[in-house]
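Scroll down for the structure; my scribbles are underneath it.
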Amino acid sequence: MYNEKISGIPINVFELQQEKVREGVFRSAYATDEAMFVMNVLSKGMDLYPHVHEDFDQLAIVTAGECDYYLEDVPHRLTPGSFLLVPAGTYHHAVPRSDVVHNLDVFFPSRPDFIHMLSYIEEL
């Protein structure tokens, strides 16, 4: 599905159109046939949104900035290079500690509700 279109093509996630999720949160996405990668740009003071995914695991990776990433009610400090596995069924949310946080989420399998952010792949 996606692998044939994106194989060998470099894509900079920060050059893709970003979707405003809520106040202080923007995202863009990339996907292979097996996983989806969503770059979230979080701003200090953003609207928080504790939530849960019942059907898939999520791997949260901070690539810039610093945040407290909550699993249930337990905060985990994430800094650039930090990984945190969010198992399916676990309430979670991030609270930025720096002005801007780049949080790369990897979903496996891909999220059908985020497929709309991949329309650019059809244009490749």
Side-chain angles (χ1 to χ4, degrees):
M1 183 165 106
Y2 297 116
N3 287 0
E4 288 180 13
K5 291 193 173 276
I6 62 174
S7 181
I9 298 175
I11 295 175
N12 184 322
V13 70
F14 295 109
E15 293 174 0
L16 299 175
Q17 182 175 348
Q18 291 186 329
E19 173 181 86
K20 182 175 182 178
V21 180
R22 60 186 174 280
E23 195 59 41
V25 181
F26 293 85
R27 67 181 170 213
S28 53
Y30 180 84
T32 70
D33 294 346
E34 294 80 29
M36 178 174 278
F37 305 82
V38 177
M39 178 58 77
N40 300 284
V41 178
L42 313 175
S43 299
K44 197 172 197 174
M46 68 182 219
D47 289 345
L48 301 179
Y49 180 63
H51 60 284
V52 64
H53 311 289
E54 296 293 345
D55 300 333
F56 47 83
D57 293 331
Q58 174 179 339
L59 181 63
I61 307 163
V62 169
T63 62
E66 183 176 317
C67 69
D68 287 332
Y69 207 104
Y70 287 79
L71 296 185
E72 303 298 343
D73 291 325
V74 179
H76 303 274
R77 181 68 44 90
L78 298 184
T79 57
S82 298
F83 291 76
L84 182 65
L85 179 63
V86 181
T90 303
Y91 276 93
H92 59 283
H93 71 285
V95 178
R97 296 183 58 84
S98 56
D99 289 339
V100 176
V101 175
H102 294 169
N103 167 211
L104 178 64
D105 287 331
V106 181
F107 298 102
F108 36 98
S110 291
R111 291 183 59 163
D113 58 328
F114 284 2
I115 296 297
H116 67 279
M117 290 191 293
L118 304 174
S119 62
Y120 69 91
I121 292 176
E122 295 303 318
E123 299 168 9
L124 296 176

Separation between CG of D73 and OH of Y91, rounded to the nearest 0.5 Å: 11.0 Å
Residue pair A29 / L16: nearest heavy atoms and the distance that separates them: O-CD1, 3.5 Å
From CA spacing to verdict: side chain to side chain contact (heavy atoms under 4.5 Å, CB included), Y70, V95: CA-CA 8 Å; Y70 287 79; V95 178; 3.7 Å; yes
Verify same cluster id: M117, I9 (apolar side-chain graph, 4.5 Å): yes
Cluster link F108 to L84, ILVMFWY, side chain under 4.5 Å: no
Euclidean distance, E23 CD relative to L48 CG, rounded to 0.5 Å: 12.5 Å
Exam field: side chain S82 to backbone T79, donor-acceptor pair closer than 3.5 Å: yes
Step-by-step ring-ring contact (aromatic ring centres under 6.0 Å, His included) determination, Y69 to H76: CA-CA 5 Å; Y69 207 104; H76 303 274; 8.4 Å; no
Where P109 and F56 come nearest, the two heavy atoms and their spacing: CD-CB, 3.9 Å
CD1 on I61 to CG on N103, rounded to 0.5 Å: 8.5 Å
Shortest non-hydrogen contact from D68 toward P75: CB-CB, 4.4 Å
N3 and E34: CA distance, side-chain angles, deciding distance, side chain to side chain contact (heavy atoms under 4.5 Å, CB included) verdict: CA-CA 9 Å; N3 287 0; E34 294 80 29; 3.7 Å; yes
Side-chain heavy-atom pair F37, V13 within 4.5 angstrom cut-off: no
Same apolar cluster: F114 and L42, side chain cutoff 4.5 Å: no
Transitive ILVMFWY side-chain link V74 to L59, under 4.5 Å: no
Donor-acceptor pair, side chain of S43 and main chain of M46, under 3.5 angstrom: no
Exercise: identify the closest heavy-atom pair between G89 and V52: C-CG2, 3.2 Å
Distance in Å, I115 CD1 paired with M36 CE, rounded so as to fall on 0.5 Å steps: 4.0 Å
Side chain to side chain contact (heavy atoms under 4.5 Å, CB included) evaluation trace for Y49 with H93: CA-CA 6 Å; Y49 180 63; H93 71 285; 5.9 Å; no
H116: partners by side-chain hydrogen bond (donor to acceptor under 3.5 Å, both in side chains), with sequence neighbours left out: E19
Heavy-atom side-chain contact between Q58 and V106 under 4.5 Å: no
Side chain H92, main chain P50, donor-acceptor under 3.5 Å: no
Flag if over 12 foreign heavy atoms under 6.0 Å of CD, E72: yes
Heavy-atom check, side chain of T63 versus side chain of M39, under 4.5 Å: yes
Heavy-atom closest contact (L85 atom, L71 atom, distance): O-CD1, 3.8 Å
ILVMFWY cluster, V86 and V38 together (side-chain gap under 4.5 Å): no
Value rounded to 0.5 Å, distance of NZ in K5 from CD1 in I121: 9.0 Å
Exam field: side chain K44 to backbone R97, donor-acceptor pair closer than 3.5 Å: yes
Taking every non-hydrogen atom, the tightest pair across T32 and Y2: O-CD1, 3.6 Å
Between CG on residue D99 and CD on residue E66, distance to nearest 0.5 Å: 11.5 Å
